[in-house]
Amino acid sequence: MKELKARILRDGRCLPGGILKVDNFINHQMDPILMKSMAVEFVRRFARTDINKIITVEASGIAPAIMVGYLLELPVVFAKKKQPSTMENILVTEVFSFTKQQSYKICVSKDYLKPGDKVLFIDDFLANGNAGKGIIDLVEQAGAELVGMGFLIEKSFQKGGDLLRSTGIHIESLARIESLDNCEIKFKD
Ligand code: G4P
């Protein structure tokens, strides 16, 4: 998506270790106009998909997910990283964070992810695909169906894209980064 790539070039910053900092418009300060344009693009790309619910993981996935849910007029559920003591009837899975080199649990209530749901997963980054794998597991546990996964930014030099595409699920990324070597941002297409 042209507009996102231009914004990454303008405001994104490379950090050592292949990290792209986009906290000026996605991860900390957020640009709702761009967020809306990105959601419109997801709606276009998943136009032929039968969806009844959007799912994401807190925290950074929530903004793009709710924009998509707003446009499609569908409910948005976010998997929680801390299990609230008041939450019963939950599905839990473990996610390994490559960046933080540790595992954490994500959970969702069975009230909000049910058999028969046709779920679209939206997230900010596709890196190693661990959050995506966790969502695949939660959706399976619920007896629901994952009908697509949409990411704002895919770091194609990490293994998540290949891993998730090998499942056959419809994956869309709005900007695919081929390399951040020498702190130079190179897009794949
Ligand atoms: P994965 O989900 O693709 O496996 O990601 P990985 O374990 O590699 O990364 C863990 C966290 O770091 C995720 O957010 C992911 O979105 C984020 N991340 C990965 N690469 C980058 C990057 O280049 N730039 C930025 N800004 N983030 C990156 P998280 O821990 O779930 O954080 P949050 O959603 O609470 O913000």
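Counting starts at 1 for both ligands and their atoms, following the listed order. Computed from a predicted model, the values in this text were never measured in an experiment.
Atoms of ligand 1 found under 4.0 Å from any heavy atom of Asn130 (numbered from 1 in listed order, with element): 1 (P), 2 (O), 3 (O), 4 (O), 7 (O). Close contacts of ligand 1 with Phe96, meaning ligand atoms under 4.0 Å from a residue heavy atom, involve 7 (O). Shown in contact with Ile19 at under 4.0 Å from a heavy atom are these atoms of ligand 1, numbered in order with element: 22 (C), 23 (O), 24 (N). Close approach of ligand 1 to Ser97 is summarised as follows: ligand atoms under 4.0 Å from at least one heavy atom of the residue are 7 (O), 10 (C). Applying the 4.0 Å criterion to heavy atoms of Asp124 picks out, from ligand 1, the atoms 16 (O). Counting atoms of ligand 1 from 1 in the listed order, those under 4.0 Å from a heavy atom of Ala59 are 33 (P), 34 (O), 35 (O). The Leu20 neighbourhood of ligand 1 comprises atoms 22 (C), 23 (O), 24 (N), 25 (C), 26 (N), with distances under 4.0 Å to a heavy atom of that residue.
Contact annotation for atom 4 (O) of ligand 1: protein present (non-hydrogen atoms, distance under 4.0 Å). Using a 4.0 Å threshold on non-hydrogen atoms, atom 17 (C) of ligand 1 does not count as touching the protein. In this structure, atom 25 (C) of ligand 1 has a protein heavy-atom contact shorter than 4.0 Å.
For CE of Met30, the number of neighbouring non-hydrogen atoms (other residues, nucleotides, ligands) closer than 6.0 Å is 12 at most. Counting heavy-atom neighbours within 6.0 Å of Tyr112 OH, excluding the residue itself, gives a total of 12 or less. Gln101 CD: more than 12 foreign heavy atoms inside a 6.0 Å radius. Annotation: Tyr70, atom OH; neighbour count of heavy atoms from other residues, nucleotides and ligands within 6.0 Å does not exceed 12. Within a 6.0 Å radius of CD1 in Ile66, no more than 12 heavy atoms belonging to other residues, nucleotides or ligands are found.
For the pair Phe25 and Leu4, the minimum side-chain heavy-atom distance is below 4.5 Å. Side-chain contact check for Pro32 versus Met67: some heavy-atom pair is nearer than 4.5 Å.
Within the structure, the closest approach of Gly160 to ligand 1 does not fall below 4.0 Å when heavy atoms are considered. Under a 4.0 Å heavy-atom criterion, Val57 is not in contact with ligand 1. Within the structure, ligand 1 has Gly129 among the residues with a heavy atom less than 4.0 angstrom away.
The salt bridge (Lys or Arg N to Asp or Glu O under 4.0 Å) search around Asp189 returns Arg176, not counting sequence neighbours. Listed by chain and number, the residues in a salt bridge (Lys or Arg N to Asp or Glu O under 4.0 Å) with Lys36 amount to none (sequence neighbours excluded).
Considering only non-hydrogen protein atoms, atom 6 (P) of ligand 1 sits nearest to Thr99 OG1, 3.6 Å. Here the heavy atom of the protein found nearest to atom 8 (O) of ligand 1 is Asn128 ND2, 2.9 Å. Of all protein heavy atoms, the one lying nearest to atom 33 (P) of ligand 1 is Ser60 OG, 3.6 Å. Closest protein heavy atom to atom 7 (O) of ligand 1: Phe98 N, 3.0 Å. For atom 2 (O) of ligand 1, the closest heavy atom belonging to the protein is Ala131 N, 3.2 Å.
With rounding to the nearest 0.5 Å, the separation of CG in Asn130 from NZ in Lys159 is 5.5 Å. Between the CG atom in Asp50 and the CG atom in Leu120 there is a gap of 11.5 Å [rounded to 0.5 Å].
In terms of polar-atom proximity, defined here as any N/O pair under 3.5 Å, Ala127 does make such a contact with ligand 1.
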Pair Arg7, Glu3 - check salt bridge (Lys or Arg N to Asp or Glu O under 4.0 Å), show working. CA-CA 6 Å; Arg7 187 63 179 269; Glu3 198 182 339; over 6 Å; no

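Evaluated for a ring pair (Phe, Tyr, Trp, His ring centres under 6.0 Å) with Phe151, the options Phe121, Phe125, Phe42 yield exactly one hit, Phe121. Each of Asn24, Asp11, Asp23 was compared with Gln29 under the side-chain contact (heavy atoms from CB on, under 4.5 Å) criterion, and only Asn24 meets it.
Closest heavy-atom approach to atom 31 (O) of ligand 1 within the set Gln101, Glu58, Lys81, Glu154: this belongs to Lys81. Of the listed residues (Phe78, Phe151, Phe125), the one carrying the non-hydrogen atom nearest atom 15 (C) of ligand 1 is Phe125. Among Lys155, Lys159, Lys100, Gln158, the residue whose heavy atom lies closest to atom 21 (C) of ligand 1 is Lys155.
Contact annotation for Asn27 and ligand 1: only side-chain heavy atoms (C-beta onward) come within less than 4.0 Å of the ligand. With a heavy-atom cut-off of 4.0 Å, Val95 does not touch ligand 1 at all.
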